[in-house]
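Note sheet for the following structure.
Chain letters run A, B, ... following the sequence lines, proteins first and then strands; every chain starts at 1.
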Amino acid sequence: MSERHNDLEGGTNDEVTFAASLLINSPHPVLVVHPDGAVRYVNPAFEKVTGFQASEVLGITFPRPWYDEEYAETTRKTFEQMLKGASTRSEVPVRTKRGERRWMDVAVTPITSANGEQYILINWTDITERKRIEDTVRRQADEILELSTPVMKIWDGVLLAPLVGTLDSSRAEQLTERILGAISEAQAETLLLDITGVPAVDTRTAQHLIDTVTAARLLGATVVLTGVRPAIAQTLVQLGIDLAGMRTNSSVAAGLNYAIERAERKPR
Amino acid sequence: MTSEKIAVVRVKDTLMVTVPAEPDDATISDLQEQILTAMQRYDAHGLIIDISTVDTLDSYFARTITETGQMVSLMGGETIIVGMRPSVAITAVQLGLTLGHVRTALDVGRAFDVLHAPDEHSGDAWSD
C-alpha cells in the first residue's frame, strides 16, 4: 500500500512513515505533482472520491482524466501560473470515473522536498453539497424576485404595482424595468406604486423610488406613490429625503381616486 | 446643412417632428435649427417631438432636446416629448439625463391633450 502510494524521497524512515500515514488517513483527496505535470502521488481519499486507482493515474500528465474537456485548458493554465510561484485556489468540477460530477475546492501549493526537489501539492475539498445549496438559494432568490412585483390593471389607463419586501438595488432595477414595460405596453397614464408592504425606507430605497418615478415620467406617465405609512413618512422627513417632485398618497384608495379623476378629466 | 432625414409637420398651431432612429450630432443640431425656423414661420404654440424610434439617448441629444424646449418656450410654445422607450428611460435616469422640465406624453394623441389642457395633466412629475 505505502509502496504504491509513496513515491516521494527524503526524510528518515520514521518521518516518511508518519507523513505517509497522515496522507493515507486524510479524508480529503491529496495529489502531488511533478513540475513537468506528471502525477507522482495520490492518497486513498483521492481513489475513494474519484474512483480512479493510484495505479491508473500515477505518471500521467495533462489532460487529466477527471476534468471535463471545457476545464482541461483552464486547469493546465492554472498549473503553469502556479509554476511561476503563486499558490492558487479555485473551485472546479471533477468528473469521477463513474461519470458523476463533484465540485472541488482545489488548493495548489508549491513544496520543496528534503533533497531540494520541487513538487506541487494539491489539496481537494469536496464542496459538492455546498454548491448544491448555493444553487438552490440563488434559484429561490430569483423566484422571489419574479414573484414579488406583479403589475396589474385596475382601471382604464391605471396600473397598480404593490411592492412587498425590502427594495435592494437588483430588485429596484427589475422593478423599474417591469413597471416601465407595463406602462408602455398598456399605454397607461398613471401607475400606483404601493409601498404598504415595504418594511422600511432608507436613503437608497428612496433614491430607487425616485429613479423609477423619473423614468416613468420620461415615458409620459405619472407614478403615484401610495401606502406611505406614518412610520415611513417620519423616516423620509427625518432622513431629509425630498420627494417633492413625487405625488404621494397614504392609501391606494386615495391614489386611485386621483388617478380616476385624472383619467376622467381627459376623456380619450 | 439641411438633412433630408427630418420633416417638421404642422398640425393647426402645433409642430410635429419625428426624430430618426439613430440621430448623429449633426442631425440633432439640424433638428433644433429646423424646429426654431418653423416655430417662427408658423407662429406655432406647441411642439411635439416623437422619439419612439430612438433606442439610444446620449448626453448631447438630451441636452439639445432640453435646450430646444427652453428656446421654443422663449418663442411662446410648449414642448412635449412623446414615445420614449422603457429601455431608453432607464438608461437616461441612470445617466442623470432627465430632460429638465420638458413635459412628456405616452403618444401623440395624449400630447395634444396635454397641450390643450396645460395644468397638471402632463406626465411631468415636477410641474406642480
Side-chain angles (χ1 to χ4, degrees), chain A residues 151 156-159 161 169-170 172-193 206-225 242-249 255 258-268, chain B residues 19 48-59 61-63 65-66 69 78-128:
Chain A
V151 181
D156 257 358
V158 184
L159 297 176
S169 293
S170 68
E173 212 170 283
Q174 219 213 3
L175 174 78
T176 311
E177 268 172 41
R178 260 178 181 243
I179 284 182
L180 295 198
I183 288 175
S184 149
E185 196 177 314
Q187 290 285 296
E189 293 203 349
T190 316
L191 182 132
L192 308 179
L193 183 56
Q207 191 53 50
H208 291 319
L209 291 173
I210 292 171
D211 286 353
T212 308
V213 173
T214 311
R217 181 192 86 93
L218 289 176
L219 252 60
T222 299
V223 171
V224 181
L225 203 62
D242 185 17
L243 295 185
M246 283 162 73
R247 179 164 290 277
T248 53
N249 278 110
Y258 162 77
I260 293 172
E261 208 177 283
R262 246 191 100 193
E264 281 174 356
R265 255 188 297 174
K266 192 166 51 180
R268 295 202 36 81
Chain B
V19 180
I48 297 172
I49 304 178
D50 182 359
I51 59 167
S52 55
T53 58
V54 178
D55 54 13
T56 49
L57 183 72
D58 63 15
S59 57
F61 183 41
R63 203 181 69 221
I65 293 286
T66 312
E78 185 170 16
T79 307
I80 319 269
I81 303 285
V82 161
M84 188 185 290
R85 295 187 186 182
S87 56
V88 175
I90 291 170
T91 324
V93 171
Q94 280 164 354
L95 297 176
L97 311 172
T98 52
L99 300 183
H101 288 245
V102 176
R103 299 167 85 182
T104 49
L106 285 163
D107 57 32
V108 175
R110 286 179 169 95
F112 274 106
D113 291 343
V114 170
L115 281 173
H116 294 129
D119 291 321
E120 42 115 45
H121 286 250
S122 76
D124 187 347
W126 293 302
S127 67
D128 42 12

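Taking each heavy atom of A:Q187 and B:D107 in turn, the nearest pair found is OE1-OD2, 3.4 Å. The two residues B:T104 and A:G220 have their closest heavy-atom pair at OG1-CA, 3.3 Å. Across B:V102 and A:R217, no two heavy atoms sit closer than the pair O-NH1, 3.0 Å. Shortest non-hydrogen contact noted between A:S184 and B:P86 is CB-CG, 3.6 Å.
Of the atoms belonging to B:L57, not a single heavy atom falls under 4.5 Å from chain A.
Interatomic distance, A:L218 CG to B:I51 CD1, rounded to the nearest 0.5 Å: 8.0 Å. Note that CD1 of B:I81 is 12.0 Å distant from CG of A:L219, once rounded to the nearest 0.5 Å.
Other residues, nucleotides and ligands contribute only 12 or fewer heavy atoms inside 6.0 Å of the CD atom of A:E185.
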For this session: Evaluate the criterion side chain to side chain contact (heavy atoms under 4.5 Å, CB included) for residue pair A:I183 and B:L106; output intermediate values, then yes/no.
Result: CA-CA 9 Å; A:I183 288 175; B:L106 285 163; 3.8 Å; yes
